Amino acid sequence: MLDSWLKSIYVLIKNWHFSIAEALCTPIMAWLPQSITPHCNRFIDGFLTTFELVILVLLGAFLCARLLSGILILGPHWAKRLLNAYVYCFRGTPVLIQLWLVYYGLAQFVWVRESELWLFLSSGWWVGLIVLTLNSAAYQTNILFSAIENLEPGQSEGASSLGLSPYLTYHKILLPQALRVSWPALANEAILILKASALVSTITVLDLMGHARTIFSRSYDLWVYGGAAVLYIALTAIITLLAYSIRRIVFKALPADEWFKNLTKKN
Amino acid sequence: MESFNKLALGATGWGDELLFGALMTVTLAISSLVVGFFIGAQLAFLKLQPIKSVRGFAHLITLLFRGTPEFLIILVVFFGLDALINATLSAFLFDTSVSIPKFWAGTIGLGLIFGVYASEVLKAAYQAVPQLTLEAARALGLNFHQVLIQIHIPLMWRHALPGLMNLWLVLLKDTSLVAVIAFDELLRTAKVAGETEREPFIFFCAAALLYLLMTWLSDLIRKAIAKRVSIVGAHGC
């Protein structure tokens, strides 16, 4: 049931990708380099796949990190220790080994292969989504937690003297301020996740890097990687712009703000 | 229990192979650090030049390398370096084809990535040295080179070292990417062992623990250095 449902969504999304690719590629065909022209559709499909994966990972990881840094602030002692261990393990090991551990490592156990979860764990895309989300959640928890720790202690004291519960203090007072302070660091983390998402191509996902590697393995033409690099830089620019506008709209940051000054600084 | 026996040292287990892989990882990381530091220093030098186009060039390189995945850079260096060298050789009518060892391809790729980030750290550290200190040194009669070598660079270190240690941790984790171009470092050894014994889980776990050990040790050193070079009140003024 779930299986066929997921498959039809997959087909739907792929069709959508390729219809966008058709519309985009036909007009610009003449200007593309010789070695990229026949593969333009696949590049656009990879571009969209990577973008969707990164956005899903970032949203999921942000929700997790909000929850986890709340537990780190308010939770019981054992939960804090557990979370610290989780953050330490995910920050201390490479992303590639995390991906391979889940994708190749877990498949060795029969009980995993027979469980309900196998539907997700057998697909590279889902493993990539889960592992990258856990990884990014660890980094974002670290960023949010240290931002909250560095706030003025008067903030939480004032909130509790007004009679706010610890939960409300965290959600209404501490978290918004911490987000404001740590937004540049979170945007940086988003770029890092975009770059780490290229690694899901090693577990059979056809994202931008996956398509580039398949095309390269047939033609051995380095311009293919050049094209992929240009698209990745475009993705970096898109994510930076998104972070910039979210900060502008949600946090009402003004152009006089420190971060804006740094971005537009003349050297 | 039988799976743990496969991690034993000696001919029966894979323990010594894994440890050798870890040694290769550390060697690769250190050699990339050296190459990367050299590249970073050159880029930082370019970024501090008064000529605008030179600075623009260095910033363009930084933008390109920071916007593309590390994985892509490693693959391009691995496949591109051979092609580049062979094209150069054939342009000078040498009829030989060489192939770069994977270790050096990995070193150059990782060194480029490290260098681009290090250049930003070094540039910021160079500019963080208080101008008054340098003017005082000049007032004492030291010439430009003496100020640079004896005052500016030694004072720069304490600003640069924390950032460089962070980059070292990133570099240590990035060495795992070289496994994809089949250089036998820790991750690749673990993968081969897992495939041979048909028990990938335990070998990946062992490799992950070794990586944790390496980052833990680096973190200890980082903290010790940060404590040693920290300046009381330096960030205030």
Side-chain angles (χ1 to χ4, degrees), chain A residues 50 85 88-109 112 135 188 191-202 207-210 212-213 216-217 220-240 266-267, chain B residues 3 25 47-48 52 55-56 58-59 63-80 83-84 113 123 169-170 172-180 186-188 190-191 194-195 197-205 207-216 218-219:
Chain A
T50 299
Y88 196 83
C89 285
F90 270 88
R91 294 185 66 216
T93 51
V95 186
L96 193 57
I97 202 167
Q98 294 161 13
L99 285 169
W100 286 6
L101 183 67
V102 175
Y103 188 71
Y104 297 117
L106 284 183
Q108 140 192 355
F109 301 111
V112 173
N135 184 281
N188 217 359
I191 306 283
L192 290 183
I193 277 297
L194 166 68
K195 297 202 285 177
S197 80
L199 295 176
V200 295
S201 67
T202 59
D207 68 332
L208 183 48
M209 191 70 199
R213 282 176 74 196
F216 181 80
S217 65
Y220 277 88
D221 187 344
L222 276 170
W223 285 110
V224 173
Y225 282 143
V230 169
L231 287 180
Y232 268 112
I233 291 173
L235 274 173
T236 315
I238 290 173
I239 287 185
T240 313
K266 300 268 187 306
N267 288 297
Chain B
S3 334
T25 292
K47 280 179 190 171
L48 290 163
K52 204 169 185 181
R55 267 184 293 145
H59 283 293
L63 183 78
L64 288 182
F65 275 86
R66 294 217 302 195
T68 44
E70 293 85 353
F71 187 32
L72 186 72
I73 296 170
I74 302 251
L75 286 184
V76 168
V77 169
F78 178 60
F79 289 114
L84 188 72
I113 297 161
K123 185 191 115 189
L169 284 172
V170 175
L172 199 57
K173 288 185 272 173
D174 277 349
T175 52
S176 64
L177 301 181
V178 183
V180 181
L186 180 52
L187 183 54
R188 161 105 176 144
K191 189 164 191 273
E195 278 164 2
E197 299 285 343
R198 293 170 180 272
E199 282 191 31
F201 188 77
I202 187 125
F203 287 104
F204 281 135
C205 280
L209 278 180
L210 282 173
Y211 274 113
L212 266 186
L213 183 72
M214 285 190 255
T215 42
W216 177 69
S218 308
D219 210 36

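In what follows, chains carry the letters A, B, and so on, assigned in the order in which the sequence lines appear, proteins first and then strands, with residues in each chain numbered from 1. This one's a predicted model, so the numbers in the text were calculated from it and none came from an experiment.
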### Task
Please look at B:Leu64 and chain A and tell me whether the side chain, the backbone, both or neither of the residue comes under 4.5 angstrom of a heavy atom of that chain.
both
### Query
Is the Lys NZ or Arg CZ of B:Lys191 less than 6.0 Å from the centre of A:Tyr104's six-membered ring, within 45° of the axis?
yes
### Closest-packed option against chain B by number of heavy-atom pairs under 4.5 Å, given A:Val95, A:Leu235, A:Leu222
A:Leu222
### Within-4.5 Å side-chain heavy-atom neighbours: A:Tyr88 and B:Leu212
yes
### Distance, nearest 0.5 Å, that separates OG1 of A:Thr93 from CG of B:Leu209
9.5 Å
### Nearest-0.5 Å distance that lies between atom CG in A:Leu99 and atom OG in B:Ser176
10.0 Å
### Query
Can you find a heavy atom in the side chain of A:Leu101 that is under 4.5 Å from one in the side chain of B:Cys205?
yes
### Task
Evaluate the side-chain proximity of A:Arg91 to B:Thr215: yes if any heavy-atom separation is below 4.5 Å, no if none is.
no
### Query
CG/B:Leu72 to CG/A:Leu208 distance, rounded to the nearest 0.5 angstrom?
8.5 Å
### Query
Is chain B contacted by the side chain of A:Ser201, its backbone, both, or neither, given a heavy-atom distance below 4.5 Å?
side chain
### Message
Less than 4.5 Å apart, side chain to side chain, heavy atoms only: is that true for A:Leu96 and B:Phe71?
### Response
no
### Task
May I ask you to test the B:Phe204-A:Gln108 pair for a side-chain heavy-atom distance under 4.5 Å?
no
### Task
Could you give me the CA-CA distance, side-chain angles and deciding distance for B:Arg66 and A:Ile233, then say whether side-chain contact (heavy atoms from CB on, under 4.5 Å) is met?
CA-CA 8 Å; B:Arg66 294 217 302 195; A:Ile233 291 173; over 6 Å; no
### Summary
Minimal heavy-atom distance between A:Ile97 and B:Ala208, with the atoms involved, is CD1-N, 3.5 Å
### Task
Report the distance from atom CH2 of A:Trp100 to atom CZ of B:Arg188, rounding to the nearest 0.5 Å.
8.0 Å
### Message
Counting only non-hydrogen atoms closer than 4.5 Å, does B:Leu177 touch chain A with its backbone (N, CA, C, O), its side chain (CB onward), both, or neither?
### Response
both
### Query
What class does the angle between the rings of B:Phe79 and A:Phe216 fall in, given that below 30° is parallel, 30 to 60° is tilted and above 60° is perpendicular?
tilted
### Message
Using 0.5 Å steps for rounding, measure from the CD1 atom of B:Ile73 to the NZ atom of A:Lys195.
### Response
6.5 Å
## Note on the structure
Most heavy-atom pairs under 4.5 Å with chain A, out of B:Leu63, B:Val76, B:Leu75, belong to B:Leu75
#### Entry: Top contributor to chain B interface from A:Val102, A:Thr236, A:Ile191 [non-hydrogen pairs under 4.5 Å]
A:Thr236
